[in-house]
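Below: one structure, written as C-alpha cells.
Throughout, numbering of the chain's residues begins at 1 and tracks the sequence.
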Amino acid sequence: MSVVQNPILNSDFPDPDIIRVGHTYYMASTTMHFMPGCDILRSFDLTHWEPYGHVYHTLGHTGAYMLDDDQDLYGQGMWAPSLRWHNGRFHVLFSANDTHTTHLFTAEDARGPWRHHIVQGFYHDPSLLFDDGRVFIVHGNTALRLTEMEVDLSGPKAGGLDRVLVQDLPNQDLGYEGSHLQRHDGRYYLFTCHFARGHRKTEDCFIADSLDGEFRGRCILDDDLGYHDQGVAQGGMVDTPDGQWYAFMFQDRGALGRTPVLMPMHFDTDGMPVLGVNGRVPAYVESAPSAEPHHHYAPLNGNDDFRYTPDSRGTIHLAPYWQFNHTPHDETWSVTARPGAFRITTSRVSATMLRATNTLTQRTTGPRCAAEVTIDASGLMEGDIAGLCAFQGCYAYAAITRRQGSWHAIMAERNALHPDNTAERHYDEIPVEVESLPLPSPQVTFRLEIDYTDMRDTARFLVRTDAGWIPIGHPHRLWFKLDHFTGCRFALFTQATQHVGGHADFMRFRYHDASDMGA
C-alpha cells in the first residue's frame, strides 16, 4: 500500500462518481463542453488513477456544439454523471443543461463502445439506483425527488413511486444537490452536498429503511482541508473487496477547478457514515489493497509529438488527456497533413479565441505546472493568431500573429470586471494586448507556467529566444467562474481575424508538473 496526499487528483475532475467491479474501480467525471466527453478513469487501489476512455465523441452538431452563429456550450453540456454496474453492463446517466435532456449510455466494457439512449424527462444531478428489479433516479436541487423509472430507463414508470425524499430550508446559498443514492446492509443512503447561507459547503447524509419511508439525517462532514474555507462535499461511498469503506467527494480549488478527495469511513451503531479521521478529511490517505500492485498507470497529463496512425477505419485517436473545447470540425484539424504536428486550419473569422474552432485542451495540475509548445506559423494569413493559452473565461495567451507580412509574438489577456465574484460572467469583450515583440521568423516556442499554490492562481508566459527564455507580458490572474464552470486548461488555438484558410502547426508539446519545475 501507499500513502497519497489529498486531493488524490490535483486537477479538475469534478462531480466524481466511483464504483467497484470486482477488484477494479472506475470513476466518471463531468466534462461540460469538452469533447470527447465524460471521462472514465480506472484504478486498482482508489488513489492512483489512469484514463480509461470517454463515453461519447460528441453529444451533438448543433450551433452551440459547433460554436456556430455566436452560440456556445460554455458552462453547460454534461453535468454530474451517475456511474453504475448492473447485470453485466456499465451505465452512465447524466443531464445536459443546454438542452435539458437526460442521456443514458451503456456498455459491457468501460472503454466502450457505448450505446446511447435518451431518457424521457430532465433530472438535475441524477443518481441512478437499481434495486431488486426496480429502477430509480434521485434528482433535483433543494428538493431531492425520487422517481421510479421503467426498467429500461426509457422514462418514468406510470404509477411508480414518485416522492420528495428531502426538502432543504429556504433561502440557502445552494440547496441540497449532487445526490448519490446507494443501498447498504438493508438501508438506503442519500448523500448530498449542502451550502447553507453564510457557511462553506458541507456534506449531509440521510438514511431510511425503505424508499417509501422517512429519510433522517444530518451533516456528516464540515471540513476544508485547511484550504481557504473551501468545503469538501458532493460524493458517495465505495467499498473494497475486503470490506473496507471509503468516501469520495471533491473540493473547489480556485482556478485549478474541482479536485477529487478520498477518505476512510465506517458506520456508527445507527448505521450513519462516519467520515475521515476524527471528523476531518485526512491530509494523506492510505490506498486500498490492490490486486495489481505493480500496475503501471497511464498518465493523466503528458507530452505529445503528434505522431499518430489512423486505425483500421481511418480514425485518429489522440492521447486520452487531450479534449477539444467544443465538438471539433474534423475537416479543419489534422495530425497527418504534417507528421509531427497538430495542424489547425481556420474556417471562420472570430472576434476572440473563445470562438475559434478546434481548440485543443489539456488539464492543468496543482500546485504548479507548465507547458511548452513550438508553433510554425508560416501558414497563417494576415491577422491570424496562433498560440498557447491559459484557457478559461478570464483567459490569457502568448501567441504569434502575422501583421503586414511580419511576425510578432504577443501576450494578451481577458480580465474579469469583478474578479472576486465567481458568479459574475462579464469581462473585457476583446482581450487586451499587453506586449508585442517582433520575431525574425514564423517559428516560435512559448512556455506557460501556472502557480496554484495557496490559490495564487497566476499564469505567466515566456518566449524562447537566442538568449534563452524571456518573459512576455505580465503575470495574469486566473479566476474560477460559473461562465465556464471548469478549471483552467492549457489550450492550443488558431484564430482568424480577417480571412479564413490559414493554418498553424503545433509541435513538441511538453507538460511539466511541480516535480520537474524546480524551486
Side-chain angles (χ1 to χ4, degrees), residues 14-19 26-30 37-38 40 55-56 59 77-87 89-107 114-168 175-184 187-194 203-215 217 234-238 248:
D15 308 321
D17 201 10
I18 298 175
I19 63 171
Y26 299 92
M27 178 195 299
S29 176
T30 294
C38 192
I40 300 294
V55 172
Y56 56 86
L59 287 179
M78 70 84 65
W79 284 15
S82 179
L83 174 63
R84 296 291 181 263
W85 169 257
H86 178 68
N87 282 349
R89 287 185 178 181
F90 291 92
H91 297 69
V92 172
L93 179 79
F94 60 84
S95 59
N97 289 273
D98 54 303
T99 56
H100 273 224
T101 54
T102 302
H103 299 265
L104 172 69
F105 288 84
T106 60
W114 293 86
R115 289 175 291 278
H116 183 205
H117 316 268
I118 296 294
V119 179
Q120 180 186 352
F122 176 70
Y123 308 93
H124 176 75
D125 282 7
S127 180
L128 183 58
L129 176 70
F130 294 97
D131 188 50
D132 294 336
R134 302 168 73 185
V135 187
F136 302 88
I137 296 176
V138 171
H139 56 100
N141 168 256
T142 302
L144 301 181
R145 179 175 289 276
L146 178 75
T147 300
E148 186 170 2
M149 308 297 289
E150 296 288 353
V151 292
D152 63 357
L153 275 164
S154 57
K157 181 178 180 180
L161 190 61
D162 184 21
R163 60 177 295 230
V164 172
L165 301 184
V166 175
Q167 175 70 56
D168 198 6
Y176 294 133
E177 69 170 16
S179 303
H180 289 251
L181 180 63
Q182 298 172 258
R183 185 178 178 181
H184 166 63
R187 291 191 176 100
Y188 296 88
Y189 290 78
L190 177 59
F191 293 82
T192 179
C193 172
H194 192 219
E203 184 75 4
D204 288 15
C205 183
F206 299 86
I207 63 175
D209 294 326
S210 68
L211 290 178
D212 54 6
E214 181 182 3
F215 276 75
Q234 193 164 329
M237 60 184 181
V238 62
F248 57 88

Please report the closest heavy-atom contact between [X] and [Y], naming both atoms and the distance.
X	Y	answer
L93	V119	CD1-CG2, 4.0 Å
E203	F191	OE2-CB, 3.3 Å
T30	A80	OG1-N, 2.7 Å
S179	L144	OG-CD2, 3.4 Å
F105	H116	CZ-CD2, 3.3 Å
S95	H124	OG-CA, 4.2 Å

Within the side chain of [X], is there an N or O that forms a donor-acceptor pair under 3.5 Å with the backbone of [Y]?
X	Y	answer
R84	S127	no
T142	D168	no
S29	P14	yes

Report yes if the side chains of [X] and [Y] come closer than 4.5 Å at any heavy-atom pair, otherwise no.
X	Y	result
R145	D162	yes
V138	L129	no
T192	V166	no
Y56	M78	yes

**Report entry** Ring-ring centroid check H91 F130, cutoff 6.0 Å
**Finding:** yes

Spacing of [atom1] belonging to [X] relative to [atom2] belonging to [Y], to within rounding of 0.5 Å:
X	Y	atom1	atom2	result
L153	I118	CG	CD1	12.5 Å
D125	N97	CG	CG	8.0 Å
D209	R187	CG	CZ	6.0 Å
C38	L59	SG	CG	9.0 Å
H86	L128	NE2	CG	9.0 Å
I40	D17	CD1	CG	9.5 Å

Query - Listed once per pair and sorted, the salt bridge (Lys or Arg N to Asp or Glu O under 4.0 Å) pairs that draw on residues 149-160, sequence neighbours left out - result: E148-K157

Report task. Taking ring pair (Phe, Tyr, Trp, His ring centres under 6.0 Å) as the test, write out the residues that go with F90, two or more places apart. Result -> Y26, W85

Requested in this report: Could I get the full list of ring pair (Phe, Tyr, Trp, His ring centres under 6.0 Å) partners for Y176, not counting sequence neighbours?
Outcome: H194, F206

